Amino acid sequence: MHAATTLHPSRVTGVASLARLLNESPQALSNWKRRGLPGDKITAIARTVGCEIDYLELGIGSMTAPLKAPAESASVADPQHADPFAGLDPASKAALQDLFEQIRQAKAAGKSVKGFIAGVRVLIASMAQE
């Protein structure tokens, strides 16, 4: 919802208008909110909304710019292209990258990972405070 209202403020003002944009029912969106976005529709949803999959699915990276590998990233001073794992020790960075890959694979298999993603966000927030 956040990405759609940010990127399409005149077209998406609520659940009903987002459902129309995605050609889905408001009930389907309600189900997605509870269970997570369906793995078989994530690419189409991202394309329709104009949002990057990582942002839409995991809440990481830029809303509209693809998440790049650190070697390809622009300067960390540029927040649009900053490494989302900057400042972490190498072991923590590798562990988080592995977790995100597991999430992507589970979503691709059509599994709901909403609770897992929430746990990862809490972990990241606690690591950022250290």
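This is a predicted model, so every value here is computed, not measured.
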* To do: Kindly compute the distance separating CE (Met63) from CG (Leu7), expressed to the nearest 0.5 Å.
  => 5.5 Å

* Supply the atom-to-atom distance Leu29 CG to Leu37 CG, rounded to the nearest 0.5 angstrom. => 8.5 Å

* Structure fact -> When rounded to the nearest 0.5 Å, the distance separating CD1 of Ile53 from CD1 of Ile42 is 6.5 Å

* **Shortest non-hydrogen contact between Val49 and His8, atoms and distance** => O-NE2, 2.7 Å

* Structure fact -> Shortest non-hydrogen pair, Ser25 vs Ala19, comes out as C-CB, 3.8 Å

* Atom NZ in Lys41, atom OG1 in Thr43: separation rounded to 0.5 Å? -> 12.5 Å

* To do: Please determine which of Leu22, Leu18, Leu21 meets the side chain to side chain contact (heavy atoms under 4.5 Å, CB included) test together with Ile45.
  => Leu22

* Determine whether the side chains of Ser30 and Arg34 contain a donor N or O and an acceptor N or O closer than 3.5 Å. => yes

* Heavy-atom pair with the smallest gap, counting every atom of Met1 and Val15 -> CE-N, 3.4 Å

